[in-house]
Amino acid sequence: MPLRLIFMGTPDFAVPTLLELVAHGHEIAAVYTRVAKPAGRGMKPQLSPVEQEARRLGIPVFTPATLKTRESLQELEAHAADAAVVVAYGMILPQAILDAPKLGCFNLHGSLLPRWRGAAPINRAIMADDAETGVMVMKMDAGLDTGDVAMAERLMITDAMTAADLHDALAPLGADLMVRAMGALERGKLQLTKQSEEGITYAVKIDKAEARIDWDRPARAVLRHIHGLSPFPGAWCEMPIEGEPVRVKILRCEMTNGSGAAGDLLDDRLAVACGEGAIRVLELQRAGKAPMKAAVFLRGTPLKAGTCVK
């Protein structure tokens, strides 16, 4: 028999898992997501991507401000769910909530646990120059991503991948993994393994203060820093435009040949010298403007070799 599930998630990353669970016949008794936030020019409440899909599918949606009250526990228990599936929900689940579904709560996490527990595993894996990452299904406990692991899928990280690219690759991979895990749970065949006590790292939330590019670092480290923060919050530097330093986000780059003083342009096509080696900017964004290819940017804002970006 298909499982009766509560689905808890908020951003785009969670949507493929919700859709795959529905497609495979599981009954979604309720969707829990974060409350709509004001956004856009009119600052109108913007439903989360998960809520938009749930409403389209006709699934009841709940947006509690907290799960720590007796009322919220009773509301969740009333769904009589076999299990809860949690994907980037954005709210801590108290022990009483974790214990409510009879088979437990299962989280899809975007890293190879115990590496990169916490809020920003996709960004941190790129920024740390990891060769691979992946997704894991974990039975949740009260700790921060410390639960026993059921299944995992690995994915190589290439130098060309931005955080957005990796996000888009992991989301469907994770959806397929969670469907397989719920199938095994349904059959009573889901096996759990404790996480290793070695190799534990924490993916702390990205702070905008760490977004400025340090050109004194080696080119590979600069590239991974840029790609790990693309598109948000966006690694940035200041470029001299019309005689004034202007903040510009670098969204995509590649390694290139050349050397020079860190931050100096090595040609008129946005090759920038780093502490060791150089990178070439491929895509960038000025404040208030849309992202653009470097060639398009240079047509309106030519920058010559020898120019220093900071």
Side-chain angles (χ1 to χ4, degrees), residues 11-17 87-88 108-137 151-178 199 201-206 210-237 248-259 266-267 269-285 291-297:
D12 288 324
F13 186 78
V15 170
T17 302
V87 187
L108 178 68
H109 187 75
S111 81
L112 298 176
L113 294 167
R115 187 160 179 79
W116 302 127
R117 293 173 177 172
I122 291 175
N123 309 85
R124 296 298 176 189
I126 294 175
M127 294 168 74
D129 199 19
D130 288 1
E132 66 173 0
T133 187
V135 282
M136 282 186 161
V137 172
M151 292 181 173
E153 284 286 353
R154 295 174 179 269
L155 184 72
M156 300 300 294
I157 303 175
T158 71
D159 282 347
M161 280 183 170
T162 65
D165 296 332
L166 188 52
H167 167 284
D168 291 350
L170 290 177
L173 193 68
D176 177 71
L177 188 69
M178 183 61 78
T201 57
Y202 289 92
V204 297
K205 186 177 179 180
I206 298 296
E210 61 185 307
R212 186 162 193 165
I213 299 168
D214 180 0
W215 298 109
D216 288 323
R217 299 176 72 193
R220 186 180 181 82
V222 171
L223 177 145
R224 284 298 192 110
H225 177 240
I226 288 169
H227 284 176
L229 297 180
S230 177
F232 183 83
W236 61 273
C237 64
V248 178
K249 291 182 180 181
I250 310 300
L251 301 177
R252 195 178 294 273
C253 61
E254 64 184 4
M255 303 281 284
T256 192
N257 295 323
S259 62
L266 301 178
D267 58 25
R269 295 187 296 116
L270 288 182
V272 188
C274 302
E276 295 176 14
I279 61 105
R280 184 177 304 282
V281 177
L282 301 177
E283 188 175 344
L284 65 171
Q285 182 179 20
M292 62 182 71
K293 301 295 185 184
V296 176
F297 171 83

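- Nearest heavy atom pair, residue A219 against residue G277, reads CB-C, 3.9 Å.
- Side-chain polar atoms of D165 and T162 form a donor-acceptor pair below 3.5 angstrom.
- Side chain of S230 to main chain of G234: no donor-acceptor pair is present (N/O by atom type, distance under 3.5 Å, no hydrogens or angles).
- Here the CZ-CE distance, from R280 to M255, works out to 12.5 Å after rounding to the nearest 0.5 Å.
- Separation of atoms CD1 (I279) and SG (C253) is listed at 4.5 Å; rounding is to 0.5 Å.
- T201 places a side-chain N or O within 3.5 Å of a backbone atom of W116 that can act as its donor or acceptor partner.
- Note that the CE atom of M156 and the CG atom of L166 stand 11.5 Å from one another [nearest 0.5 Å].
- Expressed to the nearest 0.5 Å, how far CE of M292 lies from CZ of F297 amounts to 7.5 Å.
- A distance-only check finds no donor-acceptor pair linking the side chain of R252 to the backbone of H227 [under 3.5 Å].
- Here the straight-line distance linking atom NZ of K293 with atom CD of E283 works out to 4.5 Å at 0.5 Å rounding.
- Put simply, the side chain of N123 never gets that close to the backbone of L229: no donor and acceptor are under 3.5 Å apart.
- Counting heavy atoms from C-beta on, the side chains of D214 and V222 never come closer than 4.5 Å.
- At a threshold of 4.5 Å between non-hydrogen side-chain atoms, the residues S111 and L113 count as touching.
- Using a 4.5 Å heavy-atom cutoff, the side chains of F13 and V87 are in contact.
- Residues I226 and A235 come closest through the heavy atom pair CA-CB, 3.9 Å.
- Within a 6.0 Å sphere centred on CZ of R154, other residues, nucleotides and ligands contribute 12 heavy atoms or fewer.
- Judged purely by atom type and a 3.5 angstrom limit, R224 uses its side chain to pair as donor or acceptor with the backbone of D130.
- Distance alone, capped at 3.5 Å, places no donor-acceptor pair between the K249 side chain and the C237 backbone.
- Put simply, CE on M127 and CD1 on I122 are 13.5 Å apart, with the number rounded to the nearest 0.5 Å.
- At a threshold of 4.5 Å between non-hydrogen side-chain atoms, the residues L284 and L251 do not count as touching.
- You'll find the side chain of L282 reaches within 4.5 Å of the side chain of E254, heavy atoms only.
- Remark: side-chain polar atoms of H225 are paired, donor with acceptor, to backbone N or O of E210 under 3.5 angstrom.
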